[in-house]
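These notes concern the structure reproduced below.
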There are 2 protein chains.
Amino acid sequence: MRDLRLGLYIITHEDAGIGYGHLDVARAALDGGADALQLRGKEICGRDLHRLALRIREMADEGGGGCLFFVNDRVDIAVAAGADGLHLGQEDMPAVSARSLAGEDMIVGMSATTVKEAERAREDGADYLGVGPVFATPTKPDAVAPIGIEGLRSIREAVDLPIVAIGGVDEKNARQVFAAGADGIAVISAVTAAKDMREAVRRLRSVVDACLPGR
Amino acid sequence: MRDLRLGLYIITHEDAGIGYGHLDVARAALDGGADALQLRGKEICGRDLHRLALRIREMADEGGGGCLFFVNDRVDIAVAAGADGLHLGQEDMPAVSARSLAGEDMIVGMSATTVKEAERAREDGADYLGVGPVFATPTKPDAVAPIGIEGLRSIREAVDLPIVAIGGVDEKNARQVFAAGADGIAVISAVTAAKDMREAVRRLRSVVDACLPGR
């Protein structure tokens, strides 16, 4: 199993109405000291996604490479941009096919909501799991019902892969999530809803460091 | 330049309301004698698109391999399914990046509406052009204004790549399109709007054969 640092994992988002975009979230994540950053733009055309991915790769490299860069869903964009990793949801291309395209060096994460999905992801060669939604979240109002801390714990007991908890995780409930065995927290709203996104990342960084003193 | 047979190029579509799907169009294309078949499912999740692409690859192989199989937009799905080719729109990943992922054997087509786009596609290494919309089409009501036979002819004069004309092309206007120098016609509605899709492909096949007697 790889030794991955995924304690604070920020996922990009855009909201043209409010006026922030994927690059703003990426900048905040890098400046605020995130361990991982995922470009997730299901609504974006391939051309723009490719451009964003190349730009974020540059930004991450300029930041010293301490933050792992993941691309959601699109194996082709991940490879073309030289991403460190790829994140696959249950509706994305199967992990085995993705791995054969992306190569052994690519970190492959998979979303899992149930123990069955988590075990399947492990069999399919996932390097880590995105587990959730743990709590309800405004970013995905149509997501499946939250699995709660109990659901997270049951997946933690079933598989030994690194687990990044996702779905409504914030400064306040992060301790609970780590106490249930998560290795990291993945956040969108906890950053994008903040007035100062960089400051929000820094505060989350402190919480994660307090919860994972050995890392 | 590759010697490509693209005279009759069918693009898949689905309409759950009417009750046909991508595989129905693919089956009709193969049975009716199309030269090329493109899976285009912008609305489909990666998992389903991957599954459909693998199935169409099998169907095309069972049909003897005389029909080239293309995947729209997704380089990763095209490679994973062993497609013969990849079709890129102006909003998709740049052709140069796609080619470096897909390899030299992959046939790469690009959409072009203007002479400038066509020339750029040629520079970027496209193997053929999808040129249009030539006429108005019900499949893409929000598409750009039709370029007409004149627009097609101006692109024909500007670049020497194989040209597949798209957009409202049907049995009745196909002759005009070939007379303007197209090497093939790409159709969606002319097949999917027919009561018998296989029969519609066969009739188009006859028209194409009459227009391209040397092929």
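Throughout, a chain's letter reflects where its sequence line sits, starting with A, and its residues are numbered from 1. Treat the numbers as computed from the prediction; the structure is a model and nothing was measured.
- The environment of Arg120(A) atom CZ is sparse: at most 12 non-hydrogen atoms of other residues, nucleotides or ligands sit within 6.0 angstrom.
- Contact annotation for Ile77(B): both backbone and side-chain heavy atoms come within less than 4.5 Å of a heavy atom of chain A.
- More than 12 heavy atoms of other residues, nucleotides or ligands sit less than 6.0 Å from atom CZ of Arg57(B).
- Enclosure of atom CZ in Arg55(A) by more than 12 non-hydrogen atoms of other residues, nucleotides or ligands within 6.0 angstrom is indicated.
- Taking Ser97(A), Ala80(A), Pro94(A), Ala78(A) one by one and counting their heavy-atom pairs under 4.5 Å with chain B, the maximum is reached by Pro94(A).
- Atom NZ of Lys42(B) sits in a crowded spot, with more than 12 heavy atoms from other residues, nucleotides or ligands closer than 6.0 Å.
- Side chain of Arg47(A) to main chain of Glu91(B): no donor-acceptor pair is present (N/O by atom type, distance under 3.5 Å, no hydrogens or angles).
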Please report the C-alpha distance between Asp73(B) and Arg74(A) in whole Å, then the side-chain angles of each, then the deciding distance to 0.1 Å, and finally whether the side-chain contact (heavy atoms from CB on, under 4.5 Å) criterion is met.
CA-CA 11 Å; Asp73(B) 175 21; Arg74(A) 296 272 311 232; 3.5 Å; yes

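- Crowding of Asp105(B) atom CG: a count of heavy atoms from other residues, nucleotides or ligands under 6.0 Å not exceeding 12.
- Side-chain atoms of Asp76(A) come within 3.5 Å of backbone atoms of Val75(B) as a donor-acceptor pair (strictly under, hydrogens ignored).
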